[in-house]
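In the text below, chain A, chain B and the rest are named by the order of the sequence lines, each starting its count at 1.
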2 protein chains.
Amino acid sequence: MATIKDVAGAAGVSVATVSRVLNDNGYVHEETRTRVIAAMEKLNYYPNEVARSLYKRESRLIGLLLPDITNPFFPQLARGAEDELNREGYRLIFGNSDEELTKEREYLQTFKQNHVAGIIAATNYPDLEEYSGINHPVVFLDRTHEGAPSVTSDGYTGGKLAAEAIIHGKSRRITLLRGPVHLPTAQDRFHGALEVLKHAEVDFQVIETASFSFKDAQSMAKKLFATYPETDGVIASNDIQAAAVLHEALRRGKNVPDDIQMIGYDDIPQSELLFPPLSTIKQPAYDMGKEAAKLLLRIIKKQPLTETAIQMPVTYIRRKTTRKEDHDA
Amino acid sequence: MATIKDVAGAAGVSVATVSRVLNDNGYVHEETRTRVIAAMEKLNYYPNEVARSLYKRESRLIGLLLPDITNPFFPQLARGAEDELNREGYRLIFGNSDEELTKEREYLQTFKQNHVAGIIAATNYPDLEEYSGINHPVVFLDRTHEGAPSVTSDGYTGGKLAAEAIIHGKSRRITLLRGPVHLPTAQDRFHGALEVLKHAEVDFQVIETASFSFKDAQSMAKKLFATYPETDGVIASNDIQAAAVLHEALRRGKNVPDDIQMIGYDDIPQSELLFPPLSTIKQPAYDMGKEAAKLLLRIIKKQPLTETAIQMPVTYIRRKTTRKEDHDA
DNA sequence: TTGAAAGCGGTACCAC
DNA sequence: GTGGTACCGCTTTCAA
């Protein structure tokens, strides 16, 4: 691996000059520049990022903290962030926290130790002192924290849209699944849906659900139909849950959406693979990742910020598990 | 951020001594050690990884190159690798190549510039000179390259298992989907299945498929049923494809698996969410990632290698799109 | 058992 | 325009 010294030697100049052409700052004679560039190419030189980071006290690395990349909602977020960051030459150090405090702390620690330029955190612990006491820019993703920069989507409206879709499709005995109580995102959509149901002329009941895992959702679905066999509409807390409910409904020989409607939340890529394809509320995951990256980049470059808490719109995706909107309703 | 100098000052020793207790090498008096440790704690000191990497010419970072984290097969691989690497204190720099040469080169470049300790590459271009001319350890994942270290799964056997499952379930007019010709993994399973079909007393035909995308798979599925309406068994090249075929079959009012069987490949997490749950050949993705990490770690530590091209077993997962094996067959 | 000092590969200030 | 050099924070000889 050639170093800046090798290049300087080959070009017959000092390292300072090489550094100048490298960073394109300061004066350097056109002819010298040519010689230096030739030397760089001949030696196949590229600068050592580690040395750079040491001096600058800042690397071209961004820390990305996710709960679990294995959860189908997150790859999109990651992709969106990565694509945007790459355009500016930043790379990702990436970690899954599993929502465990210890892991989260460990990752934050290594992010700092590697002098990341910034952090994007989809965390459940935004109030950790590690965040407040940090001197790296942080953007929260899919979570908010007081005045801190963040990118989220409008869960309350999303919940309302979901409930409205089910009601317009004329379900009259609706089951609303409340997601994990400790997840603000789940509670936002829950409250949005609740609000609509309360003011509609329908029967409805709420089922508490502890987790988003498919396994738990499966047993929950069984219980749902056992307890409320007359349910003709289900508002799920996310798409995985909706899939489990869909499963159980089909297994029981129900016709979807004629006998029972259901709607998910998130619009993970798999939702359209289900049969029938799942109606759902789409969070623009890829764009959320992208926006978070953009926001972070602006903060890193100390550009003026117009808005610091970005909320993205959600949309109702009607596929085949809800009935056509009935305008006479 | 406290530096080693601050600690040295606070403990009344030189930086050399602090370094010694930090790395637990060389002689240091028990009492001195205690003093130094106390100082580190008081100052909340943790070493600057960048400075370390510069001197050592090696960081605690591992480059992970994936085609696309958004493809549901890869998050598992990533997770497996990460979990294993973490146990040894390594972190991941992570990039999606989209199977584009340029992106792949760019990532490899930054991996080197950041002095990664090693690279795990799920690449389609293992013969790139960037790999042969590299002085970082590389483990290929889901791909092989001559004698290079790699972790794959046994695709040929997988293909055979898939075909056998369909045949044992008594399909007699089988359609075999050939995956993208440029993907060795897809061709392995294809040839395995082909081998079995050739020696069985069944009718079968092959359909070429250009990509793994759901959209392409959808139109392919329509064509399949239009061209071969009498097909009573489909061997897909992966689960996404199988999902598309399943969709189309159900849309046409076919009963699965009574009228037609189908089997996928990979066992992505979503396959059991389908209705009916998809029978498939499982690649142990998480374990493959884990093995790749283990292998890489061994290479990094210059430990003796027993095997350098690890092939993991695949298994037939019978769910509801294949019929019970018929032992009279 | 400890410290001084030379690097690791860059950047940027200051002189010339 | 260009070069000399101190410095980023750490590790590792070498000498004491």
Subject >> Nearest-Å distance for atom pair CZ/C1', residues A/Arg33 and D/dG1 >> reply: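 It works out to 11 Å between those atoms.
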Under the rule for salt bridge (Lys or Arg N to Asp or Glu O under 4.0 Å), what residues qualify as partners of [X], not counting sequence neighbours?
| X | result |
| --- | --- |
| A/Glu84 | A/Arg87, A/Lys290 |
| A/Lys42 | none |
| A/Asp98 | A/Lys103, B/Arg79 |
| A/Lys112 | none |

Original post:
A/Thr32 near the nucleic acid: base, sugar-phosphate alone, or nothing, with a heavy-atom cut-off under 4.0 Å?
Top reply: sugar-phosphate
Donor-acceptor list for residues 27-35 of chain A side chains, cut-off 3.5 Å, not counting sequence neighbours:
{"unit_1": "A/Thr34", "atom_1": "OG1", "unit_2": "A/Glu30", "atom_2": "O", "d": "2.7"}
{"unit_1": "A/Arg35", "atom_1": "NE", "unit_2": "A/Ala11", "atom_2": "O", "d": "3.0"}
{"unit_1": "A/Arg35", "atom_1": "NH2", "unit_2": "A/Ala11", "atom_2": "O", "d": "3.3"}

Original post:
First contact, last contact: which nucleotides of DNA chain C are these for chain A, 5' to 3', heavy-atom distance under 4.0 Å?
Top reply: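 Here the contact window of chain A covers C/dG9 to C/dC13.
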Original post:
What pairs of residues pass the side-chain hydrogen bond (donor to acceptor under 3.5 Å, both in side chains) test when at least one of them lies in residues 56-66 of chain A, not counting sequence neighbours?
Top reply: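 Every pair satisfying side-chain hydrogen bond (donor to acceptor under 3.5 Å, both in side chains) with a residue in residues 56-66 of chain A: there are none.
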**OP:** Give the B/S/- string for nucleotides 10-16 of chain D, one per nucleotide from 5' to 3', where a protein heavy atom under 4.0 Å of the base yields B, of only the sugar-phosphate yields S, and otherwise -.
**Re:** SBBB---
**OP:** Take the C1' atoms of the five end pairs on each side of the helix from C/dT1-D/dA16 to C/dC16-D/dG1, derive the two axes, and give their angle rounded to 10 degrees.
**Re:**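 Computed angle between terminal axes is 50°.
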Subject >> Pairing residues for A/Lys301 by the side-chain contact (heavy atoms from CB on, under 4.5 Å) criterion, not counting sequence neighbours >> reply: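 If we apply the side-chain contact (heavy atoms from CB on, under 4.5 Å) test to A/Lys301, skipping adjacent residues, the hits are A/Glu88, A/Gln303.
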Original post:
Is the centre of the A/Tyr131 ring less than 6.0 Å from the centre of the A/Tyr125 ring?
Top reply: no
Original post:
Partners of A/Gln311 by side chain to side chain donor-acceptor pair (under 3.5 Å), sequence neighbours excluded?
Top reply: none
**OP:** With DNA chain C as reference, determine whether B/Val13 or B/His115 sits nearer its 5' end, using the nearest nucleotide of each.
**Re:**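 In this pair, the answer is B/Val13.
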Subject >> Partner residues of B/Phe94 under the ring pair (Phe, Tyr, Trp, His ring centres under 6.0 Å) criterion, sequence neighbours left out >> reply: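 Checked B/Phe94 against ring pair (Phe, Tyr, Trp, His ring centres under 6.0 Å); matches are A/Phe94.
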